[in-house]
**Q** 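The structure under discussion is supplied below as structure tokens; questions concerning it will follow.
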Amino acid sequence: MIEPQEQIDRKAIVVWRWSGFIASVVSALLAAAVFYLAHRFHWPGWIPVVLAAGVLAEIVLTVLVMPELRWKRWRYEVREDEIMLQQGVMFVKRTLVPMVRIQHVDTHQGPLLRAYGLAGITFATAAGSHQIPALTSETAEALRVRIAELAKVSHEDL
């Protein structure tokens, strides 16, 4: 099978690193609460050690390792009759979404994406929704319009 040719914006790596950092801070705060409880109630000493190792592993994976790997694998391609998506690090998932199945298409932008001038595209079918996570805002808007036009043309052909 031919791989999709387009990549998402490289700034997605930074956004995913910030997301991983925020999630890791939350995990560290929960671990700190368990550390306190373990000390206060004299729980076994291995509990804080395992939690610390888990939080450290989470930081390494979600902040340092995974964002780069996710970006390298994420591909998409919008064709006249379908959209091809490829994602995944260990398990690569390839999806073909026929234009005739697309019911609507949206762009979305959270605070982190907005801070880096990025936006994502979500397109929905009756079976569910799919997304392209991080494109420049201009590219996302142009692609949203293009997908909407192609989907409309596909529906008119029926």
Side-chain angles (χ1 to χ4, degrees), residues 1-34 51 54-158:
M1 179 180 219
I2 299 171
E3 284 191 2
Q5 298 302 308
E6 302 291 327
Q7 269 191 307
I8 60 175
D9 195 279
R10 187 160 178 82
K11 289 185 273 184
I13 296 170
V14 179
V15 170
W16 289 335
R17 283 190 172 144
W18 275 110
S19 295
F21 176 74
I22 292 166
S24 296
V25 166
V26 171
S27 295
L29 290 173
L30 291 172
V34 173
L51 280 174
V55 169
L56 184 60
E58 179 186 12
I59 291 168
V60 168
L61 286 174
T62 63
V63 177
L64 302 176
V65 176
M66 294 302 287
E68 181 86 22
L69 294 175
R70 282 176 67 189
W71 177 79
K72 285 180 181 178
R73 290 282 190 173
W74 235 113
R75 299 262 191 279
Y76 71 95
E77 189 170 336
V78 177
R79 298 178 178 168
E80 295 249 345
D81 55 346
E82 65 193 7
I83 300 173
M84 292 179 62
L85 303 173
Q86 176 182 294
Q87 61 185 318
V89 176
M90 290 179 60
F91 301 99
V92 178
K93 178 181 174 184
R94 290 188 177 137
T95 307
L96 285 174
V97 181
M99 286 295 177
V100 296
R101 300 285 186 223
I102 294 176
Q103 296 174 344
H104 70 274
V105 59
D106 297 316
T107 55
H108 56 87
Q109 203 179 35
L112 283 175
L113 288 175
R114 191 175 310 115
Y116 289 93
L118 300 175
I121 297 175
T122 302
F123 43 96
T125 65
S129 65
H130 306 277
Q131 71 170 326
I132 302 172
L135 304 168
T136 63
S137 296
E138 299 80 25
T139 303
E141 185 60 28
L143 201 53
R144 182 189 66 80
V145 169
R146 181 170 178 232
I147 292 170
E149 288 173 355
L150 291 171
K152 181 180 176 187
V153 169
S154 297
H155 288 293
E156 289 174 355
D157 288 343
L158 293 177

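Being a predicted model, the structure only gives us computed values, none of them experimental.
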**Q** To the nearest 0.5 Å, how far apart are NE2 in His130 and CD1 in Ile83?
**A**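 One gets 9.0 Å once the value is rounded to the nearest 0.5 Å.
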**Q** Rounded to the nearest 0.5 Å, what's the gap from CH2 on Trp16 to CH2 on Trp71? Could you check?
**A**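 The distance works out to 10.0 Å.
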**Q** Taking all atoms of both residues into account, what is the closest heavy-atom pair of Met84 and Ile2, and its distance?
**A**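 Here Met84 and Ile2 meet closest at CE-O, 3.0 Å.
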**Q** Just how far is it from atom CG of Leu135 to atom CD of Glu141, taken to the nearest 0.5 Å?
**A**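 Rounded to the nearest 0.5 Å, the CG-CD separation comes to 11.5 Å.
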**Q** Measuring from atom CZ of Arg101 to atom CZ of Phe123, what distance do you get when rounded to the nearest 0.5 angstrom?
**A**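 Result: 14.5 Å between the selected atoms.
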**Q** Determine all donor-acceptor pairs shorter than 3.5 Å in which one atom belongs to a side chain in residues 106-113; sequence neighbours excluded.
**A**
{"residue": "His108", "atom": "NE2", "partner": "Thr122", "partner atom": "OG1", "Å": "3.3"}
{"residue": "His108", "atom": "NE2", "partner": "Gln131", "partner atom": "OE1", "Å": "3.1"}
{"residue": "Gln109", "atom": "NE2", "partner": "Leu118", "partner atom": "O", "Å": "2.8"}
{"residue": "Gln109", "atom": "NE2", "partner": "Ser137", "partner atom": "OG", "Å": "3.1"}

**Q** Does Gln5 offer a backbone N or O that forms a donor-acceptor pair with the side chain of Gln7 under 3.5 Å?
**A**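 Here the side-chain-to-backbone pair does not exist.
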**Q** Looking at every heavy atom in both Pro4 and Gln86, which two are closest together, and how far apart are they?
**A**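 The pair with the smallest heavy-atom distance is CD-OE1, 3.9 Å.
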**Q** Between atom CE of Met66 and atom CE of Met90, what is the distance when rounded to the nearest 0.5 Å?
**A**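 Separation between the atoms: 8.5 Å.
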**Q** List the atom of Asp9, the atom of Lys11, and the distance in Å for their closest heavy-atom pair.
**A**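 Smallest heavy-atom distance, with atoms named: OD1-N, 2.8 Å.
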**Q** Can you name the side chain to side chain contact (heavy atoms under 4.5 Å, CB included) partners of Ser24, sequence neighbours left out?
**A**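 Per chain and number, Ser24 pairs via side chain to side chain contact (heavy atoms under 4.5 Å, CB included) with Glu58, Ile59, Thr62, Val63.
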**Q** Measure the spacing between CD1 of Ile132 and CD1 of Ile8 and express it to the nearest 0.5 Å.
**A**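 Reported value, rounded in 0.5 Å steps: 9.5 Å.
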**Q** Looking at Glu77 and Arg79, is any side-chain nitrogen of the basic one under 4.0 Å from a carboxylate oxygen of the acidic one?
**A**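 Salt bridge between Arg79 and Glu77, a charged N being under 4.0 Å from a carboxylate O: yes.
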**Q** Could you walk me through whether Val78 and Met99 pass side-chain contact (heavy atoms from CB on, under 4.5 Å), step by step?
**A** CA-CA 9 Å; Val78 177; Met99 286 295 177; 3.7 Å; yes
**Q** Taking all atoms of both residues into account, what is the closest heavy-atom pair of Arg17 and Pro67, and its distance?
**A**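 Closest approach of Arg17 to Pro67: CG-CG, 3.6 Å.
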**Q** Side-chain contact test, heavy atoms from C-beta onward, threshold under 4.5 Å: evaluate it for Tyr76 versus Leu143 and give yes or no.
**A**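 SC-SC contact between Tyr76 and Leu143 confirmed.
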**Q** Give me the atom names and distance for the closest heavy-atom approach of Val92 to Arg73.
**A**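 Taking every non-hydrogen atom into account, CG2-NH1, 3.2 Å.
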**Q** Is there a salt bridge (Lys or Arg N to Asp or Glu O under 4.0 Å) between Arg146 and Glu80? Walk through the geometry before answering.
**A** CA-CA 10 Å; Arg146 181 170 178 232; Glu80 295 249 345; 5.6 Å; no
